[in-house]
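All heavy atoms count here, side chains included; hydrogens, waters and symmetry mates do not. So you know, we letter chains A, B, ... as the sequences are listed, proteins then strands, and number each from 1.
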Protein chains: 2
Amino acid sequence: MKPNDAARSGPKSGSRDNSRDNSKPNAKPKSAGGDRRLGDFLCFAIYSANLAFGRAYRQGLDDLGLTYPQWIAIVALWEQDGQTVSELGEKMFLESNTLTPILKKLESMGYLRRQRDPADERQVRVSLTDEGRRLREKGMHMNLVASTGLKPDEFARLQENVVALRDNLIKATAEEA
Amino acid sequence: MKPNDAARSGPKSGSRDNSRDNSKPNAKPKSAGGDRRLGDFLCFAIYSANLAFGRAYRQGLDDLGLTYPQWIAIVALWEQDGQTVSELGEKMFLESNTLTPILKKLESMGYLRRQRDPADERQVRVSLTDEGRRLREKGMHMNLVASTGLKPDEFARLQENVVALRDNLIKATAEEA
DNA sequence: CACGAATACATCGCATACGATCTAATAAAA
DNA sequence: TTTTATTAGATCGTATGCGATGTATTCGTG
């Protein structure tokens with residue numbers, strides 16, 4: 001089978017039409033209306049930084065045999081055990097449609113238990129098993145990437161600003177509903 | 001929305017202290033080993049901020065009929081047309097396994113063309129169609145969320161720090177290979 | 001108590017991410 | 001010039017995110 005039947009052949013002379021070369025508008029367009037370059041988007045900086053973190057953490061997570069969201073769930077449960085799916089979701093900023101499969105997977109791996117709350121059968125309480133706690137301890141010793149290249153004060157301020165940004169975005173998004 | 005406290009009437013093995021206290025060691029554990037709370041992880045701040053951005057942008061993107069990575073691709077191609085898949089991937093921090101399906105989708109929507117470079121048939125050059133450019137212009141006028149809640153100087157510094165963080169992570173990850 | 005509304009999860013479909021692997025085309029070496 | 005290695009995309013399987021929807025349980029009101 002051909003690797004690609006589309007995108008093949010074409011009138012396409014050697015001149016690749018860089019006619020559209022917007023490489024340098026003029027001055028800083030900034031937040032005017034939108035003709036900004038990719039590098040000017042804060043959202044893209046966050047998006048790509050998140051990808052970078054995922055890759056930086058991959059080795060350590062592979063050693064644990066976990067994915068990133070799985071690890072987050074373990075950490076969150078270690079902080080407070082017996083949370084409901086909703087509560088856990090609030091902390092992880094995820095909803096049941098995303099969280100349930102992750103929790104089921106972790107349960108199948110033996111790291112946690114999911115059980116309906118007898119007091120309210122709608123709710124599912126999630127709690128770490130001993131093995132899950134051991135995994136969390138194991139993760140302690142693995143310093144998952146320290147190479148942020150930021151000075152301590154920059155690091156702290158960055159952390160605060162990112163959190164503030166996140167919370168503002170969430171608030172603003174919720175408001176316009 | 002969240003009336004009850006967790007930790008109550010757990011059906012599980014009784015003696016687990018739900019309120020997992022985590023006894024503050026003394027000072028900031030920081031980069032020590034890892035018994036940090038979720039909120040102390042910079043990676044989690046970035047991760048959740050990225051989720052927040054995705055939600056904040058969703059309405060505007062829905063109006064365009066695009067997803068977030070699709071929109072990024074359009075923006076990147078508008079900056080420079082006729083890029084190869086690799087070049088585009090470098091800017092978007094994605095590889096062909098992720099990028100190809102996105103580009104194929106955008107092609108099927110009529111926003112871009114994918115054609116093998118006659119000079120090197122291994123490469124695929126991607127270029128916006130007129131319709132793709134129109135979409136980019138349309139996106140200009142939609143100021144996708146301004147509510148970061150940050151003062152301009154904070155915003156700029158945050159942007160720089162996030163970019164620096166990302167690049168350092170990538171460099172560090174590449175080095176240990 | 002009946003019954004519709006609200007709540008808490010779960011399921012489904014689509015769209016990323018990404019490791020592993022494949023193919024075709026080109027480059028490098030023998 | 002064969003042979004081999006490298007390169008650029010594409011494909012596949014797995015795991016998120018998330019909108020839309022389904023289902024069981026509980027709540028609220030008459």
- Message: My understanding is that only residues two or more places apart in sequence, or in another chain, count here; which of them pass salt bridge (Lys or Arg N to Asp or Glu O under 4.0 Å) with B/Asp62?
- Response: none
- Query: Can you tell me how far C1' of D/dG17 sits from CD1 of A/Ile72, to the nearest Å?
  - Reply: 15 Å
- Item | Results of side chain to side chain donor-acceptor pair (under 3.5 Å) for B/Glu95 - residues two or more places apart only | none
Return the polar atom pairs (N/O with N/O) between nucleotides 23-26 of chain D and the protein under 3.5 Å, or none.
residue : atom : partner  : partner atom : Å
D/dT26  : OP1  : A/Glu121 : N            : 3.1

- Please list, chain by chain and in numerical order, all residues satisfying side chain to side chain donor-acceptor pair (under 3.5 Å) with B/Arg55, sequence neighbours excluded. none
- Look at the side-chain N and O atoms of A/Tyr68 and state whether any lies under 4.0 Å from the OP1 or OP2 oxygen of D/dA15. no
- Query: Using the C1' atoms of five pairs at each end, what's the angle between the two axes of the helix from C/dC1-D/dG30 to C/dA30-D/dT1, to 10 degrees?
  - Reply: 10°
- Note on the structure: Whole-Å distance, A/Leu64 CG to D/dA15 P, equals 16 Å
- Query: Does B/Arg116 make a side-chain N or O approach to OP1 or OP2 of D/dG9 shorter than 4.0 Å?
  - Reply: no
- Task: For A/Gln70 and for B/Asp62, find the nucleotide of DNA chain D with the closest heavy atom, then tell me which residue's nucleotide is more 5'.
- Result: A/Gln70
- side chain to side chain contact (heavy atoms under 4.5 Å, CB included) with B/Ser86: which residues, sequence neighbours excluded? B/Thr84
- Query: C/dC18 C1' sits how many Å from A/Tyr47 OH, rounded?
  - Reply: 12 Å
- Query: Is there a side-chain polar atom (N or O) of B/Gln123 under 4.0 Å from OP1 or OP2 of C/dT26?
  - Reply: no
- Task: Whole angstrom is fine here: how far is it from CZ in A/Arg125 over to P in C/dT7?
- Result: 17 Å
- Task: List for me each residue that meets side chain to side chain contact (heavy atoms under 4.5 Å, CB included) alongside B/Thr67, sequence neighbours excluded, and say none if there are none.
- Result: B/Pro69, B/Gln70
- Message: Nearest to the B/Val124 side chain among C/dA17, D/dA10, D/dC18, which nucleotide is it?
- Response: D/dA10
- Please confirm whether the backbone N or O of B/Ala164 pairs with a side-chain atom of B/Asn168, one donor and one acceptor, at under 3.5 Å? yes
- Starting at CD of B/Glu90 and ending at P of D/dG9, how long is that distance when rounded to a whole Å? 11 Å
- CE of A/Met109 versus P of D/dT14: gap in Å, rounded? 14 Å
- Is there side-chain contact between A/Thr98 and A/Met92, with at least one heavy-atom pair below 4.5 Å? no
- Item | Residue pairs fulfilling salt bridge (Lys or Arg N to Asp or Glu O under 4.0 Å) with at least one residue in residues 160-173 of chain B, sequence neighbours excluded | B/Lys171-B/Glu175
- Partner set under side chain to side chain donor-acceptor pair (under 3.5 Å) for A/Lys105, not counting sequence neighbours: none
- Can you name the residues that form a side chain to side chain donor-acceptor pair (under 3.5 Å) with B/Arg122, not counting sequence neighbours? B/Asp120
- Task: Return the nearest nucleotide to the side chain of A/Thr84; candidates are C/dC9, D/dC18, D/dT16.
- Result: C/dC9
- Message: Can you tell me which nucleotide in C/dA10, D/dT16, D/dG9 comes closest to the side chain of A/Thr67?
- Response: D/dT16
- Task: Output all residues satisfying side chain to side chain contact (heavy atoms under 4.5 Å, CB included) with A/Leu135, sequence neighbours left out; order by chain, then residue number.
- Result: A/Leu64, A/Leu66, A/Tyr111
- Message: Of the listed nucleotides (D/dG17, C/dC9, C/dA17), which one gets closest to any side-chain atom of A/Val85?
- Response: C/dC9
- A/Leu61 CG to D/dT16 C1', straight-line distance once rounded to whole Å: 14 Å
- Note on the structure: Per the under-4.0 Å heavy-atom filter, residues of residues 92-105 of chain A near DNA chain C come out as A/Ser96, A/Asn97, A/Thr100, A/Lys104
- Message: So if I apply the side chain to side chain contact (heavy atoms under 4.5 Å, CB included) rule between B/Arg113 and each of B/Leu106, B/Leu103, B/Thr129, B/Leu128, which one comes out positive?
- Response: B/Thr129
- Task: For B/Trp71 and C/dT16, give me the distance from atom CH2 to atom P, rounded to whole Å.
- Result: 15 Å
- Against the side chain of B/Arg58, the closest entry in C/dA10, D/dG19, C/dA8 is D/dG19
